[in-house]
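Everything below concerns the one structure shown next.
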Amino acid sequence: MANKPFLTDVKTLRKRARQHMEEGAVTPGYSADRQNVVKLLNDALATEIVCVLRYKRHYFMASGIHAQVAAEEFLQHATDEQGHADQIAQRIVQLGGEPNFSPEGLLTRSHAEYVEGGSLAEMIQEDLVAERIAIDSYREMARYLGEDDPTTRRMLETILAVEEEHADDMVNLLEKIGN
Ligand SMILES: [Fe+2]
Ligand SMILES: [Fe+2]
């Protein structure tokens, strides 16, 4: 323990950085299972895309006396989820993977479901369920990555915080419409 250096020495760091330069941000010090991380991120990407679609549907279909306030929230969330999808796709490319935008199998890859919902209350409830699924899966992914890929982990934690706000928004909205 006493002889164990805390940091990799400069010479080794420099040498390692020159190896596999075509891999860009992925250095030999990257200790996560990259293929698996890309797969997890592609599942998260599918989840975000499904959430964009569901919120858009709800935005256009919101009706009733509380329609306007709900529609504004739905639209804001759709925009946020699109931003998450972009961040995740960007990170996949940085890791040397390919973002999967294929509509084929989208719902199978996604953690969250696409439920249209009849009434406004049903829409909000379905959105709340989807947010809670996203929260659990992001928390689990962040824990899995730990110190092996801190950049991806931090990105997911930032997204997680927004999903928690989204869930809160849906709870408040449900209270507002009195259901
Ligand atoms: Fe999201
Ligand atoms: Fe969300």
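Whatever order the structure lists them in is the order used to number ligands and atoms, beginning at 1.
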Answer yes or no as to whether an N/O/S atom of His166 is found below 2.8 Å from the Fe ion (ligand 2).
-> yes
Kindly assign one of parallel, tilted or perpendicular to the pair His77 and His166, based on the angle between their ring planes and the thresholds 30° and 60°.
-> parallel
Would you check if there is a donor-acceptor pair between the side chains of Tyr30 and Asp149 at a distance under 3.5 Å?
-> yes
Above 12 or not: heavy atoms from other molecules or residues under 6.0 Å from OH of Tyr114?
-> yes
If you measure only the distance, is there a donor-acceptor pair under 3.5 Å linking the side chains of Asp80 and Gln76?
-> yes
N, O or S from Glu163 under 2.8 Å to the Fe ion (ligand 2) | yes
Which angle, to the nearest 10 degrees, do you find at the Fe ion (ligand 1) between ND1 in His84 and OE1 in Glu48?
-> 110°
Is the Fe ion (ligand 2) under 2.8 Å from any N, O or S atom of Glu131?
-> yes
Tyr138 side, atom OH; Glu131 side, atom CD - distance, nearest 0.5 Å | 9.5 Å
Can you name the N/O/S atom of Glu81 that is nearest the Fe ion (ligand 1)?
-> OE1
